Structures are given as structure tokens and as C-alpha cells.
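Notes to accompany the following structure.
So that the names make sense, note that chain A is the first sequence line, chain B the second, and so on, each numbered from 1. FYI, side chains are in, hydrogens and waters are out, and symmetry mates aren't considered; it's all heavy atoms of this structure. This is a predicted model, so every value here is computed, not measured.
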Amino acid sequence: MSETPLQTPEKPTVQAAFLPKIDEEGAKALACSWIESQNISSRKQQYRIGRAVMVYYPFWEFIREDGNETKITYRPACGTLMTDLQKLIRTTTPSENLPSDLTTLPATVDAAYYYPDTYGISRGERLTAVPFWLISYKIEKSVYMLKIDAETGEVLPEWHPYKESINWKKIAAAAFVPLVLISLTAVLLHPVLFILDAAVVIFLVYQSRMFSLIRVKTKEEKNGS
Amino acid sequence: MVLERSVEDRIAESMYPAGITKGVADKAVRRWFTKGVKAPDLAEKARITENYLLYIPFWRFIAQGKAVGCGYSEYREASGNLLRNVFEELIDEEFVWTECACDTGKYGIHELWLEPGGEVPYVPGSVAVMDAGGSAAEASTRGREAIHAMIREKMAKRIQNVTLDKTFLIPKVFELVYVPIWIVHYTYGSGHFTVIVDGVRGEILGGTSPANLTARTRFMILSFAAGGLMIGTALGMLLHTGTFMVSELIQIIILLMGIALCMVTYPAFRSGKTVEASGTMKNINRLRPSLRIPKELTDYEILTHASKLLQCPECGEAVEQPWGEVVTHCAACGKLLDVTADGVEMVSYAAAKPNLLSEAAMEGREPQYIPFWKFSADVEVSDYLSEGETETGLPNIEGKRSYYICAGDIPRYLSEPWEVDLTIRNPEFEELEEVPERMPVFINKKTAKELSEFLYLRYETQKPGILQVLRYTFDVTSAEIVYIPYYKEEAGYIPGV
């Protein structure tokens, strides 16, 4: 067990923020179009958009002079398990007029933590708030989530279901129907027909790779490829 | 509900240093890609998009669990005789409880997978951490309850029917410990997946991955073929008028089993589990997204040791509490003070003068004054049953007497016999006007009070016979600290009273 240092440093304060340009409805619309573009399910009714929450994530903005260029990089100032937040790219400049209702997640990482990753001559750093819409959606019985950058509208998906190239109903039917019929016939006519059952199973298992490609459709691109 | 400002409940913050680098984590993940029922081309086609180190906070409560359990187990012989074995269990072991102190959302990390040891002090901001949330006080309560449950579970393993069950614990550490993990996000086709690697040992804790479609297809074919075979055969037998080896009831059972097999396996293989997890990530299957705003740590001032200014109730002097000590003395007026989160309470104290016999035997040597909590208690036993030989030469400690619990930094294996000895003897002593040298007090009043009851119970179990029932009341009327002189010898200590 180790002792805890009694001195705790002061918490850094947010000095700039990217202002959200997308409202809740807009974010939900973007989420819907993204889910539909994934072609996860054949029926649109099978997904349901849930709650949307806007969260400001704190990021360290590092301004570094590297040769003739001034580079601005962003690194998260809080621990997060979310995807695509480690190396945020921004083309706009954050506003120093902070929104009145601005509440960010607590900053738990010092800027010094990222110094080994930043190159060039230091020209400043500040804590910047970046807004994200966190939107949940439900497909069948599972709940999933995606993030939408509230400034740029970019969709940053988390773990999500994706369409598999298999028609499971066809596979089930291909295995089930012949076996029922052959077994029925074997009982009614002659038990030697059970050998046919075994042959069908071996054939299907051997040819399973063929079934797994049953629904693969190659889309033709605009350029004909 | 508040936390005591004591070594037992005060929150320390520590962290495990990361034992593996980014490259090692990357290698471990790529090796994991090739194992299990995953897409066969995963190692080739997966694209790692992010790989970063993150520290996850865990509450950890370590306590010495003490318990007395009595009861019996019964079993019936083939001849019909009912045999009963009586048991008397004494538990005195260390128990560790951990709980994740932040919302890990879909990853469902629940408890700590590392043993205590090798931690270093946590310096805020020096590493990327998930912010701890919730209430430390409530976590402490949950930890205590969980450890009591662990002790009972251990007892119940041997005793079928418990007739006496008393559990106690001496809290050792309650801390917030940060544990490093490598988060690896990757894409495969249009899917996004994540793997979590233990940052200390380099093992895969869990993750999501695309499943092997060919394997799933084969399982689906085999299960539906088996189902079809069963259904077809059963239907054939039911429709046919001839006689078969199996009865109609069994034919119907085969039919129903075939249907059930198809109904169970279709959703199982169609959804295709793409999740692997170790025990610590037992909630991962829920895949619940972390949409909630993380909770603030409600008792942040306790964590940061920024509690209100403590003042001596007698003279108003500000009280400094040395790290780990639960009872301190006022620098101005010299009063002994029990410091809790609620405030400061005065504790009466006395120092025993070594008796003439010990002074003569240890002439020229100075004793150490070891602090003991002395409780005046009244024990009334209403029900007592012990099986086997119950004749005992040990004195009875029921009724009114003083119970002594060592509060100093002395190993329990040494101090427990002293406590029994002092409690049985209840020695008379002359009081010194001033304590020559105060040894720090490390066990607070609440814990010591529990230990005094345990002392009574342990004493009862040590008597001959197997204790089965003991109903009693244990009323403590007063408490004070008594500094008792002990002479340190090479082989141990010699009491001065």
C-alpha cells in the first residue's frame, strides 16, 4: 500500500470551446441516415432512436511551431473509452466566448502527459471544450450508441451491429427440410434411408462455405469497377 | 453516513505502474485475433485505429475478517440412521473487496483482477484516468457488507445448519486504486470493435470481434440437421401404425426435443456472439452504452483530505492528525482526542504504573507503554448449549468486567494473548500522573468495541466442547485508553502489571 500525497494541484479551467452547430433534431437525423446507410436491417422499423445527450469533452489544444508550420493538435484531457477521440482533428478555431451553460467532463489529465507526443517549439496550450451528441439506438433487443460531433456533424460510431453476408433462414431451411423428409421416409419405408441423412449432413457441412456466401452482393461502383 | 477519519476508512490513492508498452499491447491483440472462433482473416484485415493507455479507478477495501460460526451438518445412512456432525468454526483471514469506481459502460468492467502489491502513489494528472464517481462513503459501506458476506459464505461451506453466526472485521485499507489498461479500437470491414489489454501483465481482459461465419454456419447446419432428424423420426413413428421399440410418450418427447433444439440454436448462432471476456468483465454481454454523464465524486473532500478544520473541544486548538493515527492528542492541552469525520471527541485515558514485582525483576529497564482500549462491559448469557465434553478449568468471563483491546502498532498474533490475559485478570494498577511516551493509537473505538465482543466469543469457543448455541447481550458502558507497561525482551514482551 502506498501513501497518498496530501497536495493536490488546482484543477485547470476551460479557456475556449467549439460551439455546437447541430441541434438535437439535426443530430438525430444524422444518426438515422447513418444507421440506414449501414443497411443493418431490411426493415426501417427495426431500429429506434433513443435519447440524445450533449456532452462537452475537455481537450488539450497544443500549438506547436514545427519548421515553417504552426501545428495545432488536440488530445483528450479526460480518460475515455470512446473511439476516435484520441487524435481529434479540427480545421476551425475555438471560441473564447464560452457558452453560459458550459459544463465539461472533469479534466483528469495534465497537459504535460502529452508532451512526449507533441513536436516542435511550444507556442501555447489551453483547455478546450468540444461538444458531442451521444445518441443511443435500439435494434431488436440491443442498445447501441454513436457520437456525433456537434460542430462538424461527423458521425463517430461505437460498437454497432453490421450486416452479415448470410441468409440464416435459408441455411436453417436447407438443413432442416431434407432431414425431416428423409427421416420420415426412413421410418415409414426402410431404415437404410437414414444413411442418406448422414450423407446430406456431410454434404452440407462440407459445403458450408458456399452457404456463408449465399447473400454476398457485389455492388457496382459508378466507375464500373 | 460519513467516513471516519481513520486509517481504516481514510482513502488513499495509489496506482499500478504500467508493465507493458504500446508495442506489446499491439502484439498481444494481434495474437488474440488468431485465437478462438473469430473471422479467419481477422489478423490480416483488421485495422487498429487507436491504441492508448488508460487508468481505471477501483475502490478496494482490505480487512481482516473474524468470525465465530457454530452449527451442524446432517446426513442419513443407508440404514436410515440420521447422523449429525457438530462444528465450531473460527475464521481469522484477510479478505479483499474491489469494485470499479467509474462507469465503464458497455465494457462492463466490474472488479479488480490484480492482487495487492506493487502499487505506487498516484499523482493526479500524471496519467490518463477515468474519473472516479459516486460516493466513497457508500462504497465503504458496500465493501464492509460484501466482506461480511464473504466471511459468512466461507463459514457456510462447512456448516450446513448454522446455529451461531457472528462476523467482525478489522478494516486495514480503504483506497482508490488506479489500474492501467490498453484500449485498442479496430475496424474490420464496416464493423468497429474493441479489445482491452491488462496494462500490468499484458493479458487480454476481453473484447469484441467478428465471429467466424463458416464455423457458425456449420453449427447452425448441424443443430438443424439434428433437430430435423429428431422431428422427422418422431413424426414417422407417430404416423406409422406398426410397433416400435420406444413408447408413444418417448416419441412425443423426441419430437418436442427436436423443436426445442431448433428454437434455441437459431437465435444463438444467428446473432453470433462476438464477445469474449474474462471474469472481471462479466457485464460485457449487456453491451450497454455509457450514455450517462459520469457522476461526480460526492465526498471529494474526503478523497482530497480537505475536510473541515479540526479543533480540540477543550481548548479550541487546531488538531493535526498524523497519517494513520485514529487517536491523537492536543498539542496545547494534552487531551487525548478521537478524531472522526463527524468531529473530535475527547477520550479519557490513564497510564498504569509497573507493579513492584516487575520493577524488581526488570530493574534499570524502561517499559514501553502500549495503548489498550478498555471497555467496561456487561455480558449476560440467556441461552447456552455446548456438545461433547464441557468440563472446563477456564474462568468464566460473563458478567461485568473490563475488556482490553490492544490499539497500538503490535502484530495481532502477539497482542491477542495479552488481551485475553488482561481481560481475565482485570489487573489492579496504580496510575501514573503522566504518560512517559505515547505509542500511536491505530485502532479506533468502533473497531475495538467489535473486537472486544469477538474476544468474548473466541474465548467461549476455546473452551472444551463444541459450542452450538450462544445467545447473549454485550453492553459496553464506558471506554477509555489505558497505557499498559510492557518490557521488551528478545523473545517477546513481559507485562508490567
Side-chain angles (χ1 to χ4, degrees), chain A residues 1-6 8-9 38 51 53 55 76 78-81 83-84 86-87 105-106 108-110 112-113 134 136 142-145 157-160 162-166 168 171-172 174-188 197 200-201 204-205 208-209 211-212, chain B residues 12-14 49-50 52 54-55 104-107 116 119-131 173 175 183 185 189-194 208 213-214 217-218 220-222 224-225 227-229 231-233 235-237 239-240 262 266 270 287-291 293-294 304-305 323:
Chain A
M1 283 337 99
S2 53
E3 283 197 4
T4 303
L6 290 172
T8 45
Q38 295 300 302
R51 219 154 59 98
V53 181
V55 179
C78 66
T80 178
L81 293 160
T83 54
D84 297 322
Q86 294 305 306
K87 290 187 177 173
L105 296 180
T108 55
V109 187
D110 283 350
Y113 177 70
L134 305 181
S136 66
S142 299
V143 181
Y144 303 92
M145 194 195 80
E158 293 286 320
W159 157 249
H160 60 85
Y162 64 102
K163 190 106 181 159
E164 288 176 321
S165 56
I166 290 182
W168 292 105
I171 290 174
F176 182 74
V177 175
L179 267 289
V180 169
L181 294 175
I182 298 167
S183 306
L184 189 66
T185 321
V187 173
L188 295 176
D197 269 347
V200 171
V201 172
L204 290 172
V205 169
S208 56
R209 198 170 271 277
F211 285 104
S212 70
Chain B
E13 283 180 282
S14 61
T49 52
E50 281 173 310
Y52 59 95
L54 183 66
Y55 281 74
T104 54
K106 65 188 176 184
Y107 303 109
E119 300 91 327
V120 294
Y122 165 67
V123 180
S126 61
V127 288
V129 297
M130 292 280 285
D131 206 27
V173 181
E175 62 180 350
I183 309 285
H185 295 303
S190 60
H192 292 70
F193 305 91
T194 301
T208 53
L213 286 184
T214 312
T217 311
R218 283 177 180 165
M220 179 76 96
I221 289 168
L222 284 173
F224 267 81
L229 183 73
I231 292 168
T233 311
L235 279 177
M237 287 191 286
L239 293 173
H240 198 269
C262 295
Y266 183 73
R270 192 187 64 141
L287 284 172
R288 178 177 57 83
S290 172
L291 254 187
I293 303 296
T304 53
H305 310 226
W323 175 261

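Minimum interatomic distance between B/Ile221 and A/Val205 (heavy atoms only, all atoms of both residues): CG2-CG2, 4.1 Å. Nearest approach of B/Gly236 to A/Val187, heavy atoms of both residues: C-CG1, 3.4 Å. In plain terms, the two heavy atoms of A/Ser183 and B/Gly228 that are nearest each other are OG-O, 4.1 Å.
Interface residue B/Ser126: only backbone heavy atoms are found under 4.5 Å from chain A. Residue B/Leu235 touches chain A through both its backbone and its side chain, counting heavy-atom pairs closer than 4.5 Å. Proximity to chain B involves both the backbone and the side chain of A/Ala172, based on heavy atoms less than 4.5 angstrom apart.
Chain B forms the most heavy-atom pairs under 4.5 Å with one residue out of A/Gly79, A/Pro76, A/Ala186, A/Cys78, and that residue is A/Gly79. Between chain A and the residues B/Leu222, B/Leu229, B/Ile231, B/Val127, the most heavy-atom pairs under 4.5 angstrom are made by B/Leu229.
B/Thr194 has its side chain out of reach of A/Leu81: every pair of non-hydrogen atoms, C-beta onward, lies at least 4.5 Å apart. Proximity of A/Leu105 to B/Asp131: side-chain heavy atoms (C-beta onward) are nowhere separated by under 4.5 Å.
With hydrogens and angles disregarded, a donor-acceptor distance shorter than 3.5 Å links the side chain of B/Glu50 to the backbone of A/Gln86.
Atom-to-atom distance recorded for A/Thr108:OG1 and B/Tyr55:OH is 12.5 Å, nearest 0.5 angstrom. A distance of 11.5 Å separates OG1 in B/Thr217 from CG in A/Leu204, rounded to the nearest 0.5 Å.
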